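Report on one structure; see the data block that follows.
Start at 1 and go down the list; that is how both ligands and their atoms are numbered. For clarity, every value in this text was computed on a predicted model and none was experimentally measured.
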Amino acid sequence: MAEDCLFCKIIAGEIPSTEVYSDDEFYAFRDINPGAPTHVLVIPRQHVARITDAEDPELIGKLVLCANKIAKQEGLTEKGFRYVINCDEWGGQTVFHIHLHILGGRPLAWPPG
Ligand code: 5GP
Ligand code: ZN
């Protein structure tokens, strides 16, 4: 656990969250400020600050497979949905613990702002 990391605190249960999925390696919960009817954040329990710091291909592969499981569980796979990983300032990253956004439940515009 990294000190002063919001998402490490969520994993530790120090900050409440609405759980969507949990296993030994990943935790998923609803975004506090949803950008779509379904907005879930999937995070590895291991603290890694940003996607470009990731070194373990297995962790990143499993992150996506975990998100696939959740997308199905949330009923998003029939119509379609979007995965987003923001990175650093211009990418709009505000929490520096890797997280994959799952957005769905309505048609999503492209390109993003
Ligand atoms: P980023 O902008 O870093 O890609 O995404 C961070 C996300 O975390 C944002 O969508 C924001 O709404 C969400 N978020 C920030 N603080 C909290 C919190 O305390 N609880 C939950 N559930 N989501 C949060
Ligand atoms: Zn963290």
Side-chain angles (χ1 to χ4, degrees):
M1 174 169 170
E3 270 182 42
D4 294 330
C5 171
L6 179 71
F7 287 174
C8 282
K9 286 180 183 162
I10 283 181
I11 289 166
E14 290 170 21
I15 293 173
S17 62
T18 305
E19 179 181 318
V20 172
Y21 177 89
S22 179
D23 67 23
D24 289 351
E25 286 179 285
F26 300 98
Y27 181 67
F29 55 103
R30 303 216 181 268
D31 197 293
I32 204 167
N33 184 23
T38 302
H39 189 170
V40 174
L41 302 173
V42 191
I43 62 179
R45 290 184 180 275
Q46 183 189 331
H47 178 87
V48 180
R50 56 179 70 69
I51 193 66
T52 48
D53 294 329
E55 290 178 340
D56 181 357
E58 209 175 322
L59 183 80
I60 301 309
K62 284 180 179 174
L63 174 69
V64 175
L65 294 179
C66 179
N68 284 352
K69 206 183 298 184
I70 295 162
K72 282 188 196 117
Q73 184 182 298
E74 292 288 312
L76 300 176
T77 50
E78 194 183 322
K79 289 280 193 179
F81 59 94
R82 185 171 296 160
Y83 292 152
V84 172
I85 298 177
N86 294 324
C87 187
D88 278 329
E89 189 185 348
W90 278 25
Q93 185 175 7
T94 57
V95 179
F96 284 78
H97 179 130
I98 290 178
H99 49 284
L100 184 151
H101 297 254
I102 304 175
L103 293 149
R106 65 166 169 80
L108 299 166
W110 191 261

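The protein heavy-atom contact nearest to atom 22 (N) of ligand 1 is R30 O, 2.9 Å. Remark: minimum distance from atom 11 (C) of ligand 1 to any protein heavy atom is reached at D31 OD1, 3.4 Å. The single protein non-hydrogen atom nearest to atom 14 (N) of ligand 1 is I32 CG2, 3.8 Å, given as residue, atom name and distance.
Note that OG1 of T18 and CG of L41 are 11.0 Å apart. Values are rounded to the nearest 0.5 Å. Note: S17 OG to Y27 OH = 3.0 Å, rounded to the nearest 0.5 Å. Atom NE2 in H47 sits 9.0 Å away from atom CD1 in I98 (nearest 0.5 Å). Between the CD1 atom of I32 and the CD1 atom of I15 there is a distance of 9.0 Å, given to the nearest 0.5 Å.
Heavy atoms of G92 come nearer than 4.0 angstrom to ligand 1 in at least one pair. At a 4.0 Å cut-off, at least one heavy atom of F7 sits close enough to ligand 1 to count as contact.
An N or O contact shorter than 3.5 Å is missing between H39 and ligand 1 by distance. Inclusion of F29 in the set of residues having an N or O under 3.5 Å from an N or O of ligand 1 is not warranted.
The Q93 neighbourhood of ligand 1 comprises atoms 3 (O), with distances under 4.0 Å to a heavy atom of that residue. Of all the atoms in ligand 1, the ones that sit under 4.0 Å from a non-hydrogen atom of T94 are 1 (P), 2 (O), 3 (O), 5 (O), 6 (C). Taking every heavy atom of H99 and a limit of under 4.0 angstrom, the matching atoms of ligand 1 come to 1 (P), 3 (O), 4 (O), 5 (O), 6 (C). In summary, the atoms of ligand 1 found under 4.0 Å from a heavy atom of N33, numbered by their order in the structure, are 12 (O).
Residue H97 approaches the Zn ion (ligand 2) most closely through its N/O/S atom ND1. Summary: ND1 is the N/O/S atom of H47 found nearest to the Zn ion (ligand 2).
Between F26 and L65 the shortest side-chain heavy-atom distance does not fall below 4.5 Å. When side chains are defined from C-beta on, M1 counts as touching K9, because their heavy atoms get closer than 4.5 Å.
Heavy-atom proximity to atom 19 (O) of ligand 1, evaluated over V84, L6, T18, is greatest for L6.
Put simply, the angle at the Zn ion (ligand 2) from SG in C5 to SG in C8 is close to 120°, to the nearest 10°.
Ion pair E74/R30 flagged as a salt bridge, since at least one NZ, NE, NH1 or NH2 atom sits closer than 4.0 Å to an Asp/Glu carboxylate oxygen.
Counting non-hydrogen atoms of other residues, nucleotides and ligands closer than 6.0 Å to CD of E78 gives a total of 12 or fewer.
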Evaluate R45 against D24 for side chain to side chain contact (heavy atoms under 4.5 Å, CB included), listing each step before the verdict.
CA-CA 8 Å; R45 290 184 180 275; D24 289 351; 5.8 Å; no

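Aromatic ring centroids of Y83 and H101 lie 6.0 Å or more apart.
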